Amino acid sequence: MTTARRIDGKAKAEQLAESITGQTASLLKKHGITPGLAVVIIGEDPASKVYVRNKKRRAEACGFYSVQHTLPANVSQPEVLKLLDDLNHDNAIHGILVQLPLPGHLDEQAITQSISPSKDVDGFHFINIGKLTAGHTADAFVPCTPAGCMLMIEDELGPDLSGLNAVIIGRSNIVGKPMASLLMQRNATITVAHSRTRDLPGVVRNSDIVVAAVGRPNMVKADWVKPGAVIIDVGINRIEETIDGESRSRLTGDVDYDAVCAVAGAITPVPGGVGPMTITMLMFNTLRSARLSAGLED
Ligand code: GUN
């Protein structure tokens, strides 16, 4: 029985972060610019708090100027828009991120679209989505999770995915749709599967690349997987388990990891796979934005 290679997203993210830290120091030395990242968190979602704390830590470790705006769950839409307008005009800030999900009374679309496309390091603005969809990736901010997934896929399979079938499970704006654009640009033949897809196991069985982004613990089973396939698990699900009579919570992905390891060629673990890469790609986008603001790229 073979065992899949474990794709070490944490190690790859560390390596990339080191390079970003070096480039940040050189940007300051040569041009007097420090990349600035503003993260806005609204309300008390516990998972969001953890993600935002990790983003701030990583930004500081890279040598960025990092600010966090913590707004109460009942903040009004105009107050949020006013803050974003201020950040859009703040020359010390090159990247703005509003952590999702937002409390129900806020208009997510109006908020994400009010961030200047040139500071939209999440890649959620329609201008950036349009550029990515049209294949102008060099000119767009690419959403962080799909960008990180692509780097790991490229490590395994090289830059050209001609002749390979890829399935993306999940059609979200944050992961599924941009992932489809990126894989298509690399010549993969793509299927975007979702809750209405017929015979998902059959679709997965035909795929050389599987990107699972649905948020359903251990959904992708070993007998769905084509031998040798590359499996990217975007899911981060907290599940409760009882071990020796004690209830514990742990993180698990959308893929039945242990069983799939026996069939796949390579697989990302959860935690330690896609998550760290996502955060590092945010730093990559912020550094790029700072460089662009100084006329240094593109
Ligand atoms: N919530 C979950 N993932 C993301 C992300 O990539 N960006 C933002 N802003 N919020 C998120």
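Since this is a predicted model, take the numbers as computed values, not measurements. Read the numbers this way: they start at 1 and go in the same order the structure lists the ligands and their atoms.
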Asn285 backbone acceptor or donor facing Ser289 side chain under 3.5 Å: no
Residues that, via side-chain heavy atoms closer than 4.5 angstrom, fall in one hydrophobic cluster with Phe126: Ile129
Lys/Arg-Asp/Glu bridge criterion (N-O < 4.0 Å) met for Glu246, Arg248: yes
Shortest non-hydrogen contact between Gly63 and Thr34, atoms and distance: O-CG2, 3.5 Å
Salt bridge (charged side-chain N to carboxylate O under 4.0 Å, His left out) contacts touching residues 81-106 (sequence neighbours left out): Lys82-Asp86
Which protein N or O atoms sit under 3.5 Å from any N or O of ligand 1? Give atom names and distances.
{"residue": "ligand 1", "atom": "1 (N)", "partner": "Gln99", "partner atom": "NE2", "Å": "3.3"}
{"residue": "ligand 1", "atom": "1 (N)", "partner": "Leu100", "partner atom": "O", "Å": "2.9"}
{"residue": "ligand 1", "atom": "7 (N)", "partner": "Asp122", "partner atom": "OD1", "Å": "3.1"}
{"residue": "ligand 1", "atom": "7 (N)", "partner": "Asp122", "partner atom": "OD2", "Å": "3.4"}
{"residue": "ligand 1", "atom": "9 (N)", "partner": "Val98", "partner atom": "O", "Å": "2.8"}
{"residue": "ligand 1", "atom": "9 (N)", "partner": "Asp122", "partner atom": "OD2", "Å": "2.6"}
{"residue": "ligand 1", "atom": "10 (N)", "partner": "Leu100", "partner atom": "N", "Å": "3.0"}

Side chain to side chain donor-acceptor pair (under 3.5 Å) contacts in which one or both residues fall within residues 208-233, not counting sequence neighbours: Asp208-Lys226, Asn218-Thr252
